[in-house]
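Data first, discussion second: the structure below is written as structure tokens.
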Amino acid sequence: MKFFLDTANLEELKAGARWGIIDGVTTNPSLIAKEGVPLEDQIRRICDIIDGDVSAEVIATEADEMVAQGRELAKIHKNVVVKVPLTRDGITACSRLSRDGIRVNVTLCFSAGQALLAAKAGAYFVSPFAGRLDDIGGDGIGLIRDIVQIYKNYGFNTQVLAASLRHTAHVIEAAKAGAHIGTLPYKVIDGMFNHPLTDKGLDQFMKDYAKVFEVSSAAR
Ligand code: E4P
């Protein structure tokens, strides 16, 4: 399973990059707006930090405009994946961009039927939003499971990018469901490190060693 960071914040990306386990980045217009830097500039900066796929979403709702913007976004860096919403226009744009060899992430996917449309349009990624579906009483992880199964049945190459993951259990369940990628907010991936038995065990190891070899805490 690949891990993407779901953020446009450069400090979070730098911190994540240090761990050496981040395979890419997803952004959306809300995340870009939070940073107060125009889309193209922020995407360029992100590509300088993370060596992996970086999703950049079009700020348009009409197919021709999405295609034009998508072509410009794809020129920013070889790692840019153009993100379009799962609408009629978005699917039209996805078909056209994909035919031109531009990789597309179809976002705001909330049903298996929509995921089929994205695969038919040649999407590189489809992004089912598990958390937002759970928020309205749906079954986000069940959706991911269904999409993975359907894509397998027909040999679609579109990768399932589990999005809107809100906590560790979501990540584990998305992995069990076979998602190719999970995109995680920084605080979710950071939280995955924590376990009280790890802290307790490490503390004991250090104390036991120090008792015999008198390693000072400053030297550790
Ligand atoms: C994915 O590409 C989206 O940016 C993201 O996962 C949305 O998550 P949210 O529902 O927590 O905003």
Side-chain angles (χ1 to χ4, degrees), residues 1-87 89-109 118 121-129 132 157-165 179-190:
M1 188 188 206
K2 286 187 179 174
F3 278 173
F4 287 2
L5 270 177
D6 194 27
T7 182
N9 181 278
L10 303 184
E11 293 317 310
E12 289 183 352
L13 290 165
K14 283 178 200 161
R18 270 199 295 276
W19 296 323
I21 57 169
I22 301 303
D23 303 295
V25 181
T26 50
T27 67
N28 62 41
S30 307
L31 293 173
I32 294 283
K34 235 166 94 181
E35 302 310 312
V37 177
L39 175 64
E40 293 78 2
D41 296 339
Q42 196 66 0
I43 294 296
R44 210 166 279 118
R45 292 176 190 181
I46 293 172
C47 289
D48 285 343
I49 298 170
I50 300 287
D51 183 20
D53 294 333
V54 174
S55 288
E57 188 159 343
V58 296
I59 317 286
T61 53
E62 190 276 323
D64 288 339
E65 280 179 49
M66 285 191 216
V67 170
Q69 261 190 37
R71 288 197 178 119
E72 290 309 306
L73 289 171
K75 283 182 198 158
I76 294 175
H77 193 283
K78 66 174 173 44
N79 289 345
V80 168
V81 178
V82 174
K83 208 170 173 192
V84 302
L86 212 157
T87 58
D89 283 273
I91 289 296
T92 305
C94 176
S95 304
R96 286 167 55 187
L97 290 166
S98 301
R99 271 201 300 272
D100 287 353
I102 292 173
R103 298 177 308 155
V104 180
N105 175 355
V106 178
T107 189
L108 291 169
C109 174
Y124 184 66
F125 297 141
V126 67
S127 294
F129 276 36
R132 291 194 195 186
N157 290 325
T158 306
Q159 296 173 62
V160 180
L161 194 167
S164 189
L165 300 178
H180 302 91
I181 303 143
T183 190
L184 284 56
Y186 180 83
K187 83 168 189 325
V188 172
I189 194 163
D190 189 57

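Nothing fancy with the numbering, it's 1 onward along the sequence. Note that these values count all heavy atoms, side chains included, but never hydrogens, waters or copies made by symmetry.
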Closer than 3.5 angstrom, by distance alone: can the side chain of Thr158 be matched with the main-chain N or O of Ala123 as a donor-acceptor pair? yes

Donor-acceptor check, side chain of Thr107 to backbone of Val84, threshold 3.5 angstrom: yes or no? no

Can you give me the closest heavy-atom contact between Ala93 and Ala63, atom names plus distance? CB-O, 4.0 Å

For residues Gly16 and Tyr186, report the shortest heavy-atom separation together with the two atoms involved. N-CE1, 4.1 Å

Look up atom CG in Leu97 and atom OH in Tyr124, then write down how far apart they are to the nearest 0.5 Å. 15.0 Å

Apply side chain to side chain contact (heavy atoms under 4.5 Å, CB included) to residues Thr7 and Leu13 and explain how you reach the verdict. CA-CA 7 Å; Thr7 182; Leu13 290 165; 3.8 Å; yes

Closest non-hydrogen atoms of Ser164 and Arg132, given as atom of the first, atom of the second and distance, are OG-N, 3.1 Å

Any sub-3.5 Å donor-acceptor pair from His180's side-chain atoms to Gln159's backbone N or O? no

Can you name the nearest heavy-atom pair linking Val58 to Gly70, along with the distance? CG1-N, 4.0 Å

Donor-acceptor pair, distance only, cut-off 3.5 Å: does the side chain of Asn9 make one with the backbone of Glu11? yes

Separation of Phe125 CZ from Phe4 CZ (nearest 0.5 Å): 4.0 Å

Taking the side chain from Gln69 and the backbone from Ile59, do they hold a donor-acceptor pair closer than 3.5 Å? yes

Do any pairs count as a salt bridge (charged side-chain N to carboxylate O under 4.0 Å, His left out) and have a residue in residues 22-37, sequence neighbours left out, and if so which ones? none

With a cut-off of 6.0 Å (strictly less than), are more than 12 heavy atoms of other residues, nucleotides or ligands near CG of Asp190? yes

If you round to the nearest 0.5 Å, how far is CZ of Arg96 from CZ of Arg99? 8.0 Å

d(Asp6 CG, Ser127 OG) to nearest 0.5 Å is 9.0 Å

Under the criterion side chain to side chain contact (heavy atoms under 4.5 Å, CB included), which of Leu5, Thr183, Leu184, Val81 is the partner of Thr26? Thr183

Indicate the atoms forming the closest heavy-atom contact of Val80 with Ala56, along with that distance. CG1-CB, 4.2 Å

How far does CD1 of Ile181 sit from OG of Ser55, to the nearest 0.5 angstrom? 8.5 Å

Is the shortest side-chain heavy-atom distance between Asp64 and Thr92 below 4.5 Å? no

Audit row: Lys2, Ile22, side chain to side chain contact (heavy atoms under 4.5 Å, CB included) steps and yes/no: CA-CA 8 Å; Lys2 286 187 179 174; Ile22 301 303; over 6 Å; no

Please list every donor-acceptor pair under 3.5 Å in which a side-chain atom of residues 36-50 meets a protein atom from a residue at least two apart or in another chain.
unit_1, atom_1, unit_2, atom_2, d
Asp41, OD1, Arg44, NH1, 3.3
Gln42, NE2, Ala8, O, 2.8

Show, in sequence, the C-alpha distance, side-chain angles and deciding distance for Val106 and Val104, and conclude whether the side chain to side chain contact (heavy atoms under 4.5 Å, CB included) test is met. CA-CA 6 Å; Val106 178; Val104 180; 4.2 Å; yes

Judged by atom type as modelled, is there a donor-acceptor pair below 3.5 Å linking the side chain of Asn105 to the main-chain atoms of Lys83? no

Note: Ser98 and Ala121 closest approach over all heavy atoms is OG-O, 3.5 Å

When rounded to the nearest 0.5 angstrom, what distance separates CD in Glu62 from CE in Met66? 7.5 Å

